[in-house]
Amino acid sequence: CNSCIRGVCQLIYAAYAKGIHGMHRPRSEMIAQTRAKLVAAARKAFGTVGYADASMDDFTSAVGLTRGALYHHFGDKKGLLEAVVAEIDAEMDARLLAVSSRSQSQWKGFVDECTAYLEMALEPEIQRIVLRDGPSVLGDPATWPNQNKCILSRSANLKRLSEDGIIRPGDPEALARLLDGALLHAASWIANSPEPEATSRRAVEGIKDLLNGLLCFPVATPAFASGR
């Protein structure tokens, strides 16, 4: 009878609801987990076969998701690349901060941070995703959202170095932008070089010579000598 069927349905629904309630998670947590899965899957695919050859269907299905989930959370494949680049960039920033914090002086920390950035251009994942596919798909790295943060941080460091009498007085933002351009170009040079190891050594020595020119006393500064 209809009442019996309705009663069974109510019992089934009650059991289902109880199970769902027991394993319920906040919506924000589920969204974050889905996004993290997509970013991780895309990062692996982009780093292995490159952006152009990475199949959206393959890397989404590998983590139990669909292309629809990708479109919902990131808009398209390009939006997902932006998220992957942002994640790698944040990791690079943390590593560079750790490098500078271990240095024996403020100046050496600044030099070490610049050279460590160039040395990261030798890492396959950073080479392919950040320095090759990133600029090709997302455009000039100087226009990426994270660059303003980098410029502000580098400007602040240069301002402190100038106020402490370590480098010559100058416009810290102008110097930061010029230095940032030099580092971006040098990193791209390394990533696209047929001999990246040799190119990296040349770029590191070149940036040290460039930075040496900022010092008030370039030849006699022990901090720079130890930075080399």
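Scope of the values below: all heavy atoms of this structure, side chains included, with no hydrogens, waters or symmetry mates. For reference, positions follow the sequence shown, starting with 1.
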For this session: Indicate, with yes or no, if Val99 and Val130 share a hydrophobic cluster defined by side-chain heavy-atom contacts under 4.5 Å among Ile, Leu, Val, Met, Phe, Trp and Tyr.
Result: no

Exercise. Side-chain contact, heavy-atom cut-off 4.5 Å: Leu184 with Gln147?
Worked result: yes

Problem set entry | Side chain proximity check, Leu183 to Cys114, heavy atoms < 4.5 angstrom | yes

Problem set entry | Side chain proximity check, Ser200 to Val204, heavy atoms < 4.5 angstrom | yes

Exercise. Would Glu123 and Arg95 pass as an ion pair if we require N to O under 4.0 Å?
Worked result: yes

Exercise. Can Arg35 and Glu29 be counted as an ion pair, charged N to O under 4.0 angstrom?
Worked result: no

Exercise. Can Glu163 and Lys159 be counted as an ion pair, charged N to O under 4.0 angstrom?
Worked result: yes

Exercise. Passes salt bridge (charged side-chain N to carboxylate O under 4.0 Å, His left out), Arg132 versus Glu125? Steps please.
Worked result: CA-CA 10 Å; Arg132 291 180 189 161; Glu125 183 183 56; over 6 Å; no

Exercise. With side chains defined as the heavy atoms from C-beta onward, is the minimum distance between Val85 and Ile129 less than 4.5 Å?
Worked result: yes

For this session: Group every Ile, Leu, Val, Met, Phe, Trp and Tyr by side-chain heavy-atom contacts under 4.5 Å, then state whether Trp144 and Leu81 land in the same group.
Result: yes

For this session: Hey, could you give me the CE/CE distance between Met92 and Met120, rounded to the nearest 0.5 Å?
Result: 5.5 Å

Exercise. Would you say Ser61's side chain and Gly64's backbone share a donor-acceptor pair under 3.5 angstrom?
Worked result: no

Exercise. Among Asp76, Asp57, Thr60, which one satisfies side chain to side chain donor-acceptor pair (under 3.5 Å) with Arg67?
Worked result: Asp57

Exercise. Linking I/L/V/M/F/W/Y whenever any side-chain heavy atoms sit under 4.5 Å apart, do Leu175 and Ile151 land together?
Worked result: no

For this session: Would you check if Asp164 and Trp107 make a side-chain contact, meaning some heavy-atom pair closer than 4.5 Å?
Result: no

Problem set entry | Cationic tip of Lys77 above Tyr51 ring, under 6.0 Å, 45° of axis | yes

Exercise. Would Glu173 and Arg154 pass as an ion pair if we require N to O under 4.0 Å?
Worked result: no

